[in-house]
Amino acid sequence: MRRAVGAVAPASLRPLPWRATRDPWAVLVSEVMLQQTQARRVVAPFVAFMARFPTPARCAEAPLAEVVLAWAGLGYNRRAAHLHGAARSIVADHGGVVPDRLDDLEALPGVGSYTARAVLAFAYERDVAVVDVNVARVLARAVVGAPLGTVAVQTLADALVPDGRGWRWNQTLMEIGATSCTGRAPRCADCPLGRCCAWAGAGRPEPDPGRPGRRQSPFEGSDRQGRGRLVSALRRGPVPAAALAAACGWPQDGPRAERMACALVADGLARRGRTGTLRLA
DNA sequence: TTCCTGTTTG
DNA sequence: CAAACAGGAA
């Protein structure tokens with residue numbers, strides 16, 4: 001079932017196994033794996049996974065445990081479960097064929113905008129833009145010289161895909177983002193874009209448009225920071241009720257610390273003693 | 001918007 | 001070693 005169209009990867013692209021196939025199932029599997037791990041680490045598990053589950057049907061008929069087993073070394077086992085669910089949906093709802101429409105793909109568990117477009121571009125060779133954070137960064141630096149919102153990036157990226165050469169275009173953009181145009185410490189000297197890049201051409205002025213403007217979530221003072229501190233304290237031993245606020249790092253905010261304690265209990269991570277002392281469950 | 005989660009990195 | 005990362009889900 002696997003076709004080997006274009007089995008030889010173009011010279012400027014690293015010869016990764018998923019670049020030597022247009023089998024949509026193989027592409028889907030590789031993209032889900034690549035969501036969480038760098039290409040180098042994905043190669044071996046990908047080859048083994050495809051040998052064990054060469055089609056959606058073979059994956060769907062296997063128990064989830066087998067799929068998780070084949071996922072060893074990749075982490076994020078929840079995504080293995082999503083892929084298994086996707087395989088079952090492909091068999092149940094699409095005759096065992098990976099769908100080739102954006103909305104059908106996005107309806108599969110674990111498949112969002114990025115992965116859906118990757119399947120369309122890399123398996124079905126459709127001229128859609130595949131936008132991950134790396135591509136967004138390359139476009140922000142090279143084309144615009146300014147940060148771009150999610151919608152603006154997708155619109156721009158779609159407009160740039162050259163007719164009939166979407167596969168190569170998308171692969172190349174992602175390759176540049178992974179090798180030269182990295183998030184931190186971009187290696188402009190080695191970049192094939194050279195002086196075509198708006199940002200490099202302007203002398204790499206600050207702020208770097210490729211650096212995400214919005215931090216992940218302000219960690220300082222967040223619930224997560226307090227929760228982390230509280231769990232750390234609990235690892236060292238039980239925390240009396242009177243010490244909760246200090247343990248969270250909010251000595252002046254007892255109610256907030258109390259909410260964190262309740263959250264930990266609700267999550268099954270901790271339990272309260274008779275006097276309100278909190279300890280690990 | 002926020003959370004998830006193993007790996008990478010500064 | 002804490003924090004950033006990265007798509008997807010809730």
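Predicted model, so just to flag it, every value in this text is computed and none were measured. In what follows, chains carry the letters A, B, and so on, assigned in the order in which the sequence lines appear, proteins first and then strands, with residues in each chain numbered from 1.
- One atom, CG of A:Leu105, and another, P of C:dG8, lie 11 Å apart when rounded to the nearest Å.
- Using cut-offs of 30° and 60° on the angle between ring planes, the pair A:Trp25 and A:Phe49 is tilted.
- In this structure, the CG atom of A:Leu108 is 13 Å from the C1' atom of C:dG8, given to the nearest Å.
- For the residue pair A:Tyr114 / A:Gln35, no side-chain donor-acceptor distance below 3.5 Å is found, with atom types taken as modelled.
- Within a 6.0 Å radius of CZ in A:Arg88, other residues, nucleotides and ligands contribute more than 12 heavy atoms.
- Look at A:Ser113 and you won't find any side-chain N or O under 4.0 angstrom from OP1 or OP2 of C:dG7.
- Between the C1' atom of C:dG7 and the CE atom of A:Met33 lies a distance of 16 Å, rounded to the nearest Å.
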Worked verdict on A:Phe122 versus A:Trp18 for ring-ring contact (aromatic ring centres under 6.0 Å, His included): CA-CA 9 Å; A:Phe122 298 141; A:Trp18 46 89; over 10 Å; no

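- A donor N or O paired with an acceptor N or O is found under 3.5 Å between the base of C:dG7 and the side-chain atoms of A:Arg79.
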Look for any protein N or O under 3.5 Å of an N or O in nucleotides 7-10 of chain B and output each such pair with its distance, or none.
{"unit_1": "B:dG10", "atom_1": "OP1", "unit_2": "A:Arg184", "atom_2": "NE", "d": "2.8"}

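- For A:Arg272, the CZ atom sits in a packed shell: over 12 heavy atoms of surrounding residues, nucleotides or ligands are nearer than 6.0 Å.
- To the nearest angstrom, C1' of B:dG6 lies 10 Å from CG of A:Asn77.
- Across all strands, A:Val111 comes closer than 4.0 Å only to sugar-phosphate atoms, never to a base (heavy-atom distances).
- Considering only residues two or more places apart in sequence or on other chains, A:Asp103 meets the salt bridge (charged side-chain N to carboxylate O under 4.0 Å, His left out) condition with A:Arg101.
- Between the P atom of C:dG7 and the OH atom of A:Tyr114 lies a distance of 6 Å, rounded to the nearest Å.
- Separating the CG atom of A:Leu83 from the P atom of C:dG7 is a distance of 17 Å, rounded to the nearest angstrom.
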